[in-house]
Amino acid sequence: MKLKFDREVRKSIADELKKISNFGGVGLGFMGYSSNSPVILLGAFIWWIVCQTISHLLMSIQDEEEE
């Protein structure tokens, strides 16, 4: 089964992922900094990178032209 999203839906999902990555990264970064835990800081960095990568992959999907 294929899921098809039009450009507006993919852009909306990508924008929300970018917001989630920023808020999650700041929250985890603050928690890691306040607890002096480098593991949580590393988790915040990985969280941000993964969310940003997924959002950019969503935006790079080309629309199929239907005939």
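The residues of the chain are indexed from 1 along the displayed sequence.
Contacts of K11 classified as side chain to side chain donor-acceptor pair (under 3.5 Å), with partners at least two apart in sequence or in another chain: D15. Legend: residues meeting side chain to side chain contact (heavy atoms under 4.5 Å, CB included) with T53, ordered by chain and number and at least two apart, are I49, L57.
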Sequence neighbours excluded and cut-off under 3.5 Å, please list the side-chain donor-acceptor pairs for residues 21-34, or say none.
unit_1 : atom_1 : unit_2 : atom_2 : d
S21    : OG     : L17    : O      : 3.4
S21    : OG     : K18    : O      : 2.8
S21    : OG     : Q52    : NE2    : 2.8
N22    : OD1    : W48    : NE1    : 3.1
N22    : ND2    : K18    : O      : 3.3
S34    : OG     : F30    : O      : 3.1
S34    : OG     : M31    : O      : 3.1

Please set out all donor-acceptor pairs under 3.5 angstrom arising from side-chain atoms of residues 38-46, sequence neighbours excluded.
none

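Listed by first and then second residue, the salt bridge (charged side-chain N to carboxylate O under 4.0 Å, His left out) pairs involving residues 27-55 amount to none (not counting sequence neighbours). Residue pairs satisfying the salt bridge (charged side-chain N to carboxylate O under 4.0 Å, His left out) criterion with at least one member in residues 49-61, sequence neighbours excluded, are absent.
At least one donor-acceptor pair closer than 3.5 Å links the side chain of R10 to the backbone N or O of L58.
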